[in-house]
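Quick note on labels: first sequence line is chain A, next is B, and so on, each numbered from 1. The model shown is predicted, which means the values in this text are computed figures rather than measured ones.
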Amino acid sequence: MCGRFSLTRGDRDDLENAFRVRLPSGMAWRPRYNIAPTQEVLAVVEDERGRRIEPRRWGLIPSWASDPQIGNRLINARAETLFERPAFREAARRRRCLIVADGFYEWQRRPDGRKVPFYIRRRDGGLFGMAGIWEEWQSPEGPVRTCAIVTVEANDLLAPIHPRMPAILSPRRYDAWLDPRNARAADLVSLLLEPYPPEELECYPVSRSVNRAEYDGPECVRPLRPS
DNA sequence: CCAGACGTTGTT
DNA sequence: GTCTGG
DNA sequence: CCAGACGTTGTT
DNA sequence: GTCTGG
């Protein structure tokens, strides 16, 4: 699955080039090594007015939810059932997005029960878009925009670590995924299920500092042993 | 028709 | 064990 | 995802 | 929003 990720690099130009979008001039962010559920993430969204990058809270609250607490648990959505689940299908049809990242974490369970965190990133260190969906929930204080990250079966690189991974889209699939006029579930799911080329990624064990959601420093992504 | 419920993942 | 918060 | 909390009554 | 039950 995907319960933590990073956005450590990426200046304005990187983001604008990677996702072919213009950033609002006032938009600022700091390097994030340990992004956890309930925190703010950057989402590439698209509607009739065009493509934008906007913040979203990670943890999807369905529009009809009476209790927003539900969002603390809806952090991932399975690609295989995305268009069927009542909590997700409306967002899947009309509110797809890309979650901007440059790495993510998976925990490997060892035979003795210990869990070892691994960091996965592109070999070239570049940005990538994880498939996501988003929702808007009306709180008494105003609209709350939330999102979930779509997951798929692990590819060959990740399979030894964990059975699921985020759906990483190749850049040539970004347009089709984001296009709001595209609503054919079968086509969209097949985009998600295209395995991301394992040879473009690398994966190495990291220290347990990432376990603490409160810790957000470079220690999280440092290789435990040279990889 | 209206009222009322409705959630997910991954793990073992 | 289970739930909440980050 | 992981870490950390998790209780009640009655009284002031 | 959408589905189920009455």
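A/Phe128 pairs by the ring-ring contact (aromatic ring centres under 6.0 Å, His included) definition with nothing, not counting sequence neighbours. Remark: A/Trp134 pairs with no residue by the side chain to side chain donor-acceptor pair (under 3.5 Å) rule, at least two apart or across chains. With sequence neighbours excluded, the residues that form a ring-ring contact (aromatic ring centres under 6.0 Å, His included) with A/Phe19 are A/Tyr174. Annotation: ring-ring contact (aromatic ring centres under 6.0 Å, His included) contacts of A/Tyr119 (sequence neighbours excluded): A/Tyr105, A/Tyr204. For the side-chain contact (heavy atoms from CB on, under 4.5 Å) test, no residue two or more places apart in sequence or in another chain qualifies with A/Ser66.
For the residue pair A/Ser209 / A/Ser207, a side-chain donor-acceptor distance below 3.5 Å is found, with atom types taken as modelled. For the residue pair A/Gln39/A/Arg32, the side-chain donor-acceptor check at 3.5 Å is satisfied.
Members clustered with A/Trp64: none, using a 4.5 Å side-chain heavy-atom cutoff among hydrophobic residues.
A gap of 38 Å separates the P atoms of D/dT11 and C/dG1, to the nearest Å. Spacing between D/dC1 and B/dG10 at atom C1', rounded to whole Å, works out to 10 Å. Spacing of C1' atoms, C/dT2 relative to B/dT9, comes out at 16 Å, to the nearest Å. With C1' as the reference atom, B/dT8 and C/dT4 are 16 Å apart, rounded to whole Å.
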For DNA chain C, what is the dot-bracket line, given that a base pair needs Watson-Crick (N1 to N3, plus N6-O4 or O6-N4) or G-U wobble (N1-O2 and O6-N3) geometry with both distances under 3.5 Å, and | means paired with another strand? ||||||
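Base engagement by A/Ile75 is indicated by at least one non-hydrogen atom pair under 4.0 Å involving a base atom. Contact annotation for A/Ala213: base contact, defined as any heavy-atom pair under 4.0 Å involving a base atom.
The one candidate from A/Arg181, A/Arg52, A/Arg95 that meets the salt bridge (Lys or Arg N to Asp or Glu O under 4.0 Å) condition with A/Asp47 is A/Arg52.
Contacts between residues 96-105 of chain A and DNA chain D, defined by a heavy-atom separation under 4.0 Å, are absent.
Evaluation of the salt bridge (Lys or Arg N to Asp or Glu O under 4.0 Å) test over residues 157-170 of chain A, restricted to residues two or more places apart or in two chains, returns A/Glu80-A/Arg164. Legend: salt bridge (Lys or Arg N to Asp or Glu O under 4.0 Å) pairs involving residues 56-77 of chain A, not counting sequence neighbours, sorted by first then second residue: A/Glu54-A/Arg56.
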Output one line per pair: protein atom, nucleotide atom from nucleotides 1-5 of chain E, and distance, for all N/O pairs under 3.5 Å.
none

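Of all nucleotides in DNA chain D having an atom under 4.0 Å from a heavy atom of chain A, the first and last in 5' to 3' order are D/dC1 to D/dG4.
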